[in-house]
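Everything numeric in this text was worked out from a predicted model, so none of it was measured. Scope of the values below: all heavy atoms of this structure, side chains included, with no hydrogens, waters or symmetry mates.
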Amino acid sequence: MESYAEYWASRAALEWQVEMGADEAMLDAPADRYAASAEEAAPREAAKPAQPARPPIPEPAPAVDAPAMARAAAARVMIVGEAPGREEDIEGRPFVGRAGQLLDRMLEAIGLSRTSP
């Protein structure tokens, strides 16, 4: 009889295999690879106690459209700049001076502004 810890370890391994895509067993019954012959394995199989019914394997979760979820969660535009300089510190906002003017022209070219939602 399996111990409580062995049961949960086996169950976790099975759930992992299902998550990785294993969806069918290769044989109807387990094969004893250590038996010298099929006749030698038959008496041992008959002597084993009946195993309790196993719970059914849960259905895999439905497929997720990851690219669509990423598009829905993503911002329209993300601007990454360097650390703020003297001008940014003085004004208290990013991209001022020549860099800010360039950014404003680039955003305008794609139909956006700094205040666009």
Exercise answer: donor-acceptor pairs, residues 88-106 side-chain atoms, under 3.5 Å, sequence neighbours excluded:
residue : atom : partner : partner atom : Å
Glu88   : OE1  : Gly85   : N            : 2.9
Asp104  : OD1  : Arg114  : NE           : 2.8

Rounded to the nearest 0.5 Å, how far apart are CD of Glu19 and CH2 of Trp16? 9.5 Å

Going only through I, L, V, M, F, W and Y residues with side-chain contacts under 4.5 Å, is there a path from Met20 to Leu14? no

By side-chain hydrogen bond (donor to acceptor under 3.5 Å, both in side chains), Glu87 pairs with (sequence neighbours left out) none

